[in-house]
Amino acid sequence: DLPLWCLRSRAHSVKRAAELLPRTISMMEKLEIGGGDQSQLRADLESKAILATGKKDAHGRAIIWMREENYVDARQSSPRNMSRLVATVFLHALRDTGVQKHGFVFLVDSSRAKLMDVMFFSKAFLGTVVPNMPMRVGCIFIINPPWVVSQIVYPVLATFISAKMRQSRVLIHGARKELWAARLACFDVPDSSLPIELGGSDYVNCDACIESVAVWLLANTAPQDAVKQDKERGVQSIN
């Protein structure tokens with residue numbers, strides 16, 4: 001129920017939730033979340049580029065993992081498709097009431113990222129999803145970014161995001177995974193919630209993560225109708 005999601009994500013502030021709800025609905029309609037031709041979305045999901053691992057940090061925030069070797073190729077997709085992929089993964093994770101309240105921790109494994117792919121993803125995530133989604137971003141961990149990304153790309157991107165969002169960004173450098181895990185532990189991401197590939201002990205079944213999203217999409221055969229109902233109810237649903 002989108003009105004409740006918006007309310008919980010905005011600390012039960014009716015005013016802020018009422019401002020967010022129409023933006024969320026508009027984004028979902030434009031991206032055809034749960035509707036339209038889903039073949040490209042399913043192909044993007046199968047890339048395993050972005051996963052909700054099912055684990056949380058010490059504050060109850062869901063772990064979202066952007067995987068270094070599985071970035072969606074900007075030359076074979078589009079900003080809209082990327083936005084649709086990211087929004088779908090986050091909406092699936094937001095079924096959890098606790099995640100609606102506490103938000104997300106984002107792990108960006110960028111050690112092998114290409115500049116074009118980073119810009120492609122950042123536009124979808126920061127430009128389309130974050131401003132319009134009933135979500136709270138706890139922290140964004142950018143792990144072992146290439147020099148050009150950490151020294152040029154992210155400083156430029158930082159000028160387009162809020163001060164609060166800039167403060168949530170943490171760059172973690174170095175090639176030793178055990179050091180990544182130690183640094184993340186300082187930010188309340190325990191070893192048990194950190195993927196093995198990033199130095200933790202959590203074995204993430206990527207296929208199961210994707211299958212869970214796919215099943216959810218199939219079960220919601222007409223989510224656009226639900227979006228329409230939420231739009232018609234509007235602020236009355238929040239009050």
Side-chain angles (χ1 to χ4, degrees), residues 1-6 8-9 20-56 61-67 70-74 76-100 102-109 117 120-138 140 195 204-231:
D1 190 304
L2 282 177
L4 284 177
W5 290 18
C6 292
R8 292 177 183 130
S9 71
L20 174 62
L21 179 60
R23 297 204 309 270
T24 302
I25 292 173
S26 177
M27 178 197 69
M28 293 179 69
E29 289 178 336
K30 290 178 181 178
L31 297 179
E32 294 184 294
I33 300 296
D37 181 4
Q38 296 192 18
S39 57
Q40 182 60 51
L41 173 59
R42 293 187 179 280
D44 289 338
L45 283 169
E46 289 295 334
S47 73
K48 304 181 181 67
I50 178 172
L51 301 171
T53 68
K55 293 298 181 68
K56 298 179 180 180
R61 299 178 296 201
I63 303 294
I64 300 290
W65 179 22
M66 186 74 178
R67 304 174 68 226
N70 299 78
Y71 278 76
V72 174
D73 193 332
Q76 299 179 9
S77 189
S78 69
R80 181 180 180 278
N81 288 335
M82 189 61 181
S83 297
R84 190 183 189 192
L85 169 64
V86 175
T88 297
V89 171
F90 275 94
L91 284 168
H92 176 256
L94 279 167
R95 295 172 306 146
D96 185 324
T97 302
V99 175
Q100 295 167 27
H102 304 299
F104 296 89
V105 167
F106 203 65
L107 305 177
V108 184
D109 185 357
D117 295 331
F120 184 52
F121 171 76
S122 297
K123 182 178 181 180
F125 180 62
L126 298 174
T128 301
V129 177
V130 170
N132 302 307
M133 185 75 76
M135 59 185 283
R136 305 179 73 176
V137 178
I140 302 174
V204 180
N205 187 329
C206 299
D207 291 329
C209 292
I210 296 304
E211 181 63 20
S212 179
V213 178
V215 170
W216 173 68
L217 287 173
L218 286 174
N220 291 271
T221 54
Q224 290 296 318
D225 292 339
V227 170
K228 183 178 179 181
Q229 292 173 7
D230 283 332
K231 188 174 183 179

Out of curiosity, [X] [atom1] to [Y] [atom2], how far, rounded to the nearest 0.5 Å?
X: His102; Y: Arg8; atom1: NE2; atom2: CZ; answer: 11.0 Å
X: Leu31; Y: Leu85; atom1: CG; atom2: CG; answer: 11.0 Å
X: Gln100; Y: Leu4; atom1: CD; atom2: CG; answer: 7.5 Å
X: Lys48; Y: Ile50; atom1: NZ; atom2: CD1; answer: 14.5 Å
X: Phe106; Y: Ile63; atom1: CZ; atom2: CD1; answer: 11.0 Å
X: Thr24; Y: Glu29; atom1: OG1; atom2: CD; answer: 11.0 Å

Compare all side-chain heavy atoms of [X] with those of [Y] and state whether any distance is below 4.5 angstrom.
X: Leu107; Y: Asp109; answer: no
X: Met82; Y: Thr128; answer: no
X: Arg67; Y: Cys206; answer: yes
X: Glu211; Y: Asp207; answer: no
X: Glu32; Y: Leu41; answer: no

Considering all heavy atoms of both residues, which atom of [X] and which atom of [Y] are nearest to each other, and what is their separation?
X: Arg42; Y: Leu217; result: NH2-CB, 4.2 Å
X: Asn81; Y: Gln40; result: ND2-CG, 3.4 Å
X: Gly98; Y: Asp96; result: N-OD1, 2.7 Å
X: Ser9; Y: Leu20; result: OG-CD2, 3.7 Å

For the backbone of Lys30 and the side chain of Arg80, can you confirm whether one donor and one acceptor N or O come within less than 3.5 Å of each other? yes
Name every donor-acceptor pair, under 3.5 Å, that has one atom in a side chain of residues 86-94 and the other anywhere in the protein, sequence neighbours excluded.
{"residue": "Thr88", "atom": "OG1", "partner": "Arg84", "partner atom": "O", "Å": "2.7"}
{"residue": "His92", "atom": "NE2", "partner": "Arg95", "partner atom": "NH2", "Å": "3.0"}
{"residue": "His92", "atom": "NE2", "partner": "Ser212", "partner atom": "O", "Å": "3.4"}
{"residue": "His92", "atom": "NE2", "partner": "Ser212", "partner atom": "OG", "Å": "3.1"}

